[in-house]
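Scroll down for the structure; my scribbles are underneath it.
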Amino acid sequence: MALEVMARAATPIPLEVAFSVAPGELLALVGHSGSGKTTLLRTIAGLWTPANARVAVDGMPWLDTGARVNLPSHRRRVGLVFQNYALFPHMSAAQNVMAAMDRADPAEADRILDLVNLHGLGARKPAQLSGGQQQRVAVARALARRPQALLLDEPFSAVDRATREKLYGEIIALRAHLKMPVVLVTHDVNEAQLLADRMVVIEKGYVLREGTTAEVMADAVALRAMGIREMAAMLPATIAEHLPDGLTRLDAASGPLFLPMVEGAPGTRVRVRIMAHEVILSRARPEGLSAQNILAGTVARIVPGGGSGVMVHVAVGEHGILARITCRAADQLGLKPGDTIHAILKSMSVARDHVARATDRQQAAE
Amino acid sequence: MALEVMARAATPIPLEVAFSVAPGELLALVGHSGSGKTTLLRTIAGLWTPANARVAVDGMPWLDTGARVNLPSHRRRVGLVFQNYALFPHMSAAQNVMAAMDRADPAEADRILDLVNLHGLGARKPAQLSGGQQQRVAVARALARRPQALLLDEPFSAVDRATREKLYGEIIALRAHLKMPVVLVTHDVNEAQLLADRMVVIEKGYVLREGTTAEVMADAVALRAMGIREMAAMLPATIAEHLPDGLTRLDAASGPLFLPMVEGAPGTRVRVRIMAHEVILSRARPEGLSAQNILAGTVARIVPGGGSGVMVHVAVGEHGILARITCRAADQLGLKPGDTIHAILKSMSVARDHVARATDRQQAAE
Amino acid sequence: MDWTALDLSLRLAAWTVAILLPVSVLLGRFLAFRQFRGKALVEALVMLPLVLPPTVLGFYLLVSFGRSSPIGQAWSSVFGQQLVFSFEGLVLASVLFNLPFAVQPAQRGFQAIPAEVREAAACCGMSPLRALWKVDLPLAWPGVVTAMVLTFAHTLGEFGIVLMVGGSIPGETKTIAIAIYDRVQAFDTDSAAIMSAVLVAISLVTIAVTFALSARVGRRLS
Amino acid sequence: MDWTALDLSLRLAAWTVAILLPVSVLLGRFLAFRQFRGKALVEALVMLPLVLPPTVLGFYLLVSFGRSSPIGQAWSSVFGQQLVFSFEGLVLASVLFNLPFAVQPAQRGFQAIPAEVREAAACCGMSPLRALWKVDLPLAWPGVVTAMVLTFAHTLGEFGIVLMVGGSIPGETKTIAIAIYDRVQAFDTDSAAIMSAVLVAISLVTIAVTFALSARVGRRLS
Amino acid sequence: QQDAPVVAAASDLQFAVEEIAAAFQAETGMRVRLSMGSTGNFARQIREGAPFQIFMAADEQFVLDLHRDGFTRDEGDLYAIGRLAIMVPHGSALTPDPELDNLAEMLAAGRITRFAIANPDHAPYGQRAREALMTRGIWDDLQPFMVLGENVSQAAAFALSGNAEGGIIAHSLALAPQVAPQGTYALIPEDWHEPLRQRMVLLNDAGPVAEAFYDYMMQPAARAIMERYGFVLPGE
Ligand SMILES: Nc1ncnc2c1ncn2[C@@H]1O[C@H](COP(=O)(O)OP(=O)(O)OP(=O)(O)O)[C@@H](O)[C@H]1O
Ligand SMILES: Nc1ncnc2c1ncn2[C@@H]1O[C@H](COP(=O)(O)OP(=O)(O)OP(=O)(O)O)[C@@H](O)[C@H]1O
Ligand code: MOO
Ligand SMILES: [Mg+2]
Ligand SMILES: [Mg+2]
């Protein structure tokens with residue numbers, strides 16, 4: 001069920017995009033407001049047909065302007081969360097969800113509504129729900145379709161953080177389970193980095209950068225285009241044990257990591273998002289600090305960033321950590337590739353929503 | 001032009017809220033999805049009348065169910081950004097903006113559209129704009145009203161980060177300039193903390209916590225309610241000089257701070273948001289670290305947080321910094337109130353959107 | 001009270017509504033959503049009966065459906081009876097005459113549905129027919145009901161065509177509107193008053209029930 | 001060709017539309033947006049003329065507007081002329097008769113406006129009148145145009161009332177619909193055909209122009 | 001009941017023919033259905049195939065034309081000669097007199113606002129009324145105040161509605177029990193207009209019941225009724 005997308009058009013905006021998403025893979029589509037993200041999702045869903053485009057799922061073309069193939073939307077098995085929800089105003093939340101099922105199943109609808117934290121609100125009409133509640137009904141409806149491709153247009157923008165974190169978990173579980181390609185449009189970099197396997201950055205309709213999340217998030221040009229200062233690396237790890245003082249010990253390739261309570265049984269594989277700007281480097285192994293995680297590694301590369309900082313790629317075991325430090329600090333430490341270095345990371349600087357269960361795909365890739 | 005709000009009702013949700021916002025003050029209204037934030041804004045705007053409520057601006061009651069005063073919406077001078085924009089579909093962006101003016105002024109409309117980064121899109125109808133562009137038209141329309149109270153319901157949720165940062169600046173400039181009370185509903189804590197003077201946390205219609213931003217953001221219960229792990233302190237400072245290596249030196253009460261390029265002329269007063277989880281504590285002044293900012297202070301309080309961490313309040317000069325460290329680290333360092341301590345802060349860990357120009361009100365309060 | 005005439009009028013109105021209901025839904029939706037070459041022409045054609053006074057329509061019908069006309073002859077060779085001066089002829093005329101009253105409000109009803117809601121229906125996998133039934137129809141329902149009520153009332157009151165092509169034959173073409181006219185001419189004011197009152201009562205009840213039922217159907221459809 | 005009758009019909013239709021346009025807008029909007037006790041009653045009253053066949057209405061008018069009736073006497077003492085057998089009487093009857101045709105589609109048009117858009121208008125400081133002009137009317141415009149076109153056409157074609165209370169007075173109550181009927185009865189088929197053709201042509205042009213103008217007005221209003 | 005033949009009768013027969021049909025049913029047990037209207041309209045509809053079996057016209061010319069064009073069985077029979085009457089409602093400013101003197105005076109005095117006749121374009125009673133008024137010399141002056149009924153029965157309704165000073169109608173209507181109490185009338189001289197020679201005819205597909213009713217019209221019982229309604233009968 002891989003999803004392949006190619007679109008080329010002159011209106012409504014000049015568009016020149018191609019990417020593909022493997023089954024079970026989540027691709028984040030990011031870019032400035034007005035860069036064409038929604039237009040692309042609409043193209044995939046069959047709500048918009050660019051002059052020159054091809055959309056195929058599992059090799060089966062849904063749209064091929066060259067071959068004059070153009071399946072109508074209802075024949076494409078997509079779950080689309082509209083940016084402005086587009087709920088059916090005359091149906092209750094549960095009916096909205098059932099509307100997307102091949103056979104209406106109230107129990108299943110309730111289950112999906114529970115999934116998005118809307119327990120007990122199934123009987124309400126959209127007009128009786130808050131903005132965030134409506135948005136979650138839209139997500140539930142898209143899931144209920146059991147789609148071959150899930151298209152999410154800023155699906156959590158109106159949802160509070162606590163609920164959002166829960167939904168991240170559900171999305172991860174679902175795509176691992178259902179093996180469908182997912183395209184996520186978001187302005188939230190943490191969201192993108194945490195959930196996405198790969199990212200496409202578009203700018204005024206053109207692909208500015210495409211690659212794995214790690215690659216893109218380490219690319220200063222792409223980040224600047226996203227208006228982002230913080231880069232981060234994803235470190236794969238395995239839950240080792242839950243300690244009595246509330247910390248969890250993770251085993252990473254580079255050694256143990258102590259983080260505040262990470263949910264999951266020992267043995268569970270996770271990905272930890274380590275923000276480059278939160279990593280402190282030290283030549284000597286520092287003593288007497290409150291920071292619990294000191295990872296020894298070697299300087300792999302030093303990349304000048306925009307402005308006052310440089311990005312230091314530190315090889316830790318077979319993985320990489322990014323450290324964003326000031327030019328001044330790099331000078332003071334006299335860093336050069338090959339140097340032994342210590343990366344200092346606070347336990348508390350890894351927020352709960354920076355740790356996510358890894359999908360099979362991600363495990364395989366690592 | 002202070003805004004006073006009191007609302008008590010049983011439907012659509014049990015509501016029991018009272019707060020006031022001074023002229024030029026920005027109050028952030030935060031809480032879970034469905035907690036009643038939009039309902040409150042609608043009450044202020046006159047779109048909803050709870051059983052028992054009072055809304056007054058500058059002592060002039062707009063709504064007083066006891067005294068049977070209830071000005072219709074169009075007689076209340078509010079600028080409201082609707083959660084779902086509610087643009088006039090038959091009007092162009094510029095016409096939408098002009099619709100809120102007492103006298104239509106195309107030049108002024110263009111100016112406001114420029115303000116929200118919509119230069120050149122004035123002639124487009126809403127249907128021809130992307131989601132984020134529509135949202136910015138809604139913001140422009142609310143501003144064009146020259147309101148006595150500005151009510152923003154998640155006004156930046158669909159906007160990318162770069163644009164959002166620009167808009168923060170505009171909002172800050174405007175409210176300093178126009179001296180109107182602003183109520184901002186947001187799920188983005190950084191946004192709230194950066195822009196707000198005070199915060200009200202509501203939970204199922206009740207006020208869970210009210211106070212200055214610093215107070216609320218240091219309150220673990222309130223933060224948990226918001227689904228937030230990261231606490232932060234706001235440190236006031238003044239821009240001292242821009243250094244050739246791209247750093248800016250700020251003078252804080254505790255001494256100099258080196259941050260990546262902060263915009264503003266020397267002498268400009270700013271607030272720096274220092275995330276508690278990013279601060280490392282050390283007994284001895286550490287050497288050979290890449291971190292540029294080492295602030296000496298004394299431990300003021302140690303507050304057990306939820307789970308595996310404690311919050312250390314560090315008095316630095318006359319202000320406070322928060323450091324969230326693991327219990328384990330606190331034990332290892334043997335911290336107790338009165339101890340001398342060094343707070344280590346990376347330059348690069350303060351993102352650009354964590355520094356904001358301070359308003360007069362904030363300066364006065366400090 | 002001329003029950004035969006009342007019965008005839010109600011049957012005529014019921015048939016007209018029954019025939020025009022699907023027409024208004026399908027044609028109204030088609031015109032509301034589809035763009036195609038010559039759409040303006042189709043719309044103008046649908047509107048055409050609107051600009052015809054009933055006497056004109058009656059006249060044209062008389063001429064073109066009459067015994068000596070090709071249409072009239074074709075009809076009578078197939079159905080063994082003539083079109084003019086028969087109930088079937090009245091139904092046909094009435095359907096033609098009410099076409100714009102049935103299609104216009106329905107079309108507006110469909111047009112008022114936000115494009116995104118219809119797109120959402122397609123993305124939920126609803127075929128056009130299913131979307132019509134589950135989404136378009138419930139949302140356009142007020143417009144469709146308006147269309148049907150206008151048609152019903154308009155048919156009950158229709159007078160010009162019936163007078164011209166009906167021939168006032170009791171039980172076949174003498175509708176209640178004609179009967180009331182007759183009674184007034186016969187100086188039978190009391191009968192006219194009773195008939196008017198009964199008609200008004202029945203029509204009011206019918207429309208009230210229609211609105212109530214339509215509200216229920218609207219709920220059930222959703 | 002009976003130009004006097006045509007002119008009369010067009011004047012009658014124009015007056016009816018002119019009077020019902022503001023009524024349909026104000027009443028339609030009122031019924032669409034306001035909730036109040038007895039609203040159902042008002043709606044039923046507005047619908048009432050819809051359930052009256054024109055002959056019934058004509059009969060009631062003959063009885064209640066007649067010279068000896070209180071209304072008729074009041075009218076003639078104020079205006080110095082009688083209501084029955086006069087142009088003013090036809091206009092009055094026509095306005096009454098078309099009330100539901102004018103109000104219903106307009107009301108549906110207003111109802112289709114999303115509540116939030118109207119709330120936004122109020123929050124933009126628009127008084128109800130300004131909101132009507134700048135927001136409600138442009139958005140409800142298709143419904144209002146439908147209302148007016150239905151009314152116009154319905155009036156042009158009106159036959160029953162005119163026949164009952166008109167008296168076929170040239171220039172006052174002999175409308176084109178009546179004139180065509182007269183010609184047909186007088187076996188003057190050619191005249192009837194010419195009149196019908198002219199009427200159809202004029203009405204088509206009128207409606208086409210209305211649609212075109214309304215599109216332009218809709219644009220200008222916005 | 002759907003099989004009962006339809007009789008299309010001129011509206012001056014409104015009351016007379018109803019009574020005759022009732023008597024016919026009482027005597028023979030057979031029923032006819034009556035359709036009352038204007039002679040012109042019926043003639044038009046017969047040409048388009050209206051399923052009438054008997055046509056009772058107010059003016060024989062319509063019948064003769066139909067016969068010429070092959071729509072009828074034969075020429076039919078003259079069954080009555082109609083008379084015109086001026087009738088005014090109670091309380092009217094007008095007094096009826098045979099020579100229409102009062103009408104002329106009131107007209108000159110400007111006290112006539114409305115005066116009803118049947119439409120002279122196609123209703124025989126309207127045509128004759130016009131002739132009579134022309135003979136009296138007041139047609140042109142009366143023109144602006146004229147209201148026209150679609151048929152003579154409607155003209156009577158207009159005349160007596162209280163909204164007109166009066167009108168010229170059929171004598172048969174003025175005599176009808178439903179009409180007579182509403183006003184007073186006077187017969188207009190026979191020689192002021194062409195005679196209203198009323199002819200009836202069986203149409204091509206007339207059945208036995210229609211034939212029976214046609215015959216019944218010629219019988220004394222029916223003739224007596226006609227006479228009572230002020231018709232002059234042929235051969236008398
Ligand atoms: N008409 C209604 N009938 C019943 N409940 C309603 C109605 N309107 C709103 N509610 C409920 O009132 C609560 C408050 O809604 P409100 O829109 O104020 O929430 P909110 O805080 O703005 O949420 P969000 O962050 O999701 O926008 C919600 O739980 C909602 O379901
Ligand atoms: N009908 C139209 N006519 C002209 N331009 C249009 C039309 N529809 C969309 N656009 C433009 O196309 C561009 C891409 O729109 P799109 O909705 O895909 O942006 P987006 O990336 O989803 O933005 P956002 O993050 O704000 O939702 C925008 O600049 C928009 O203004
Ligand atoms: O044919 Mo009539 O009886 O003169 O109206
Ligand atoms: Mg978008
Ligand atoms: Mg809300």
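Atoms considered below: every heavy atom in the structure, side chains included; atoms not considered: hydrogens, waters and symmetry mates. Just so we're on the same page: letters track the sequence lines, and every chain starts at 1.
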- prompt: Top residue by heavy-atom pair count (under 4.5 Å) with chain D, among B:Ala45, B:Ala144, B:Ala99?
  reply: B:Ala99
field: Close contacts, residues 117-126 of chain D versus chain B, judged by heavy atoms under 4.5 Å
entry: D:Val117, D:Glu119, D:Ala120, D:Ala121, D:Ala122, D:Cys123, D:Cys124, D:Gly125, D:Met126
query: Where does B:Arg77 contact chain D at under 4.5 Å (heavy atoms): side chain, backbone, both or neither?
result: neither
query: Where along residues 6-24 of chain D does a heavy atom come under 4.5 Å of chain B, listed by residue number?
result: none
query: Under a 4.5 Å heavy-atom cutoff, which of B:Leu87, B:Leu47, B:Asn84 has the most pairs with chain D?
result: B:Leu47
query: Closest heavy-atom contact between D:Leu139 and B:His90?
result: CD2-ND1, 3.5 Å
- line: Correct closest heavy-atom pair for D:Arg130 and B:Met101 would be NH2-O, 4.2 Å
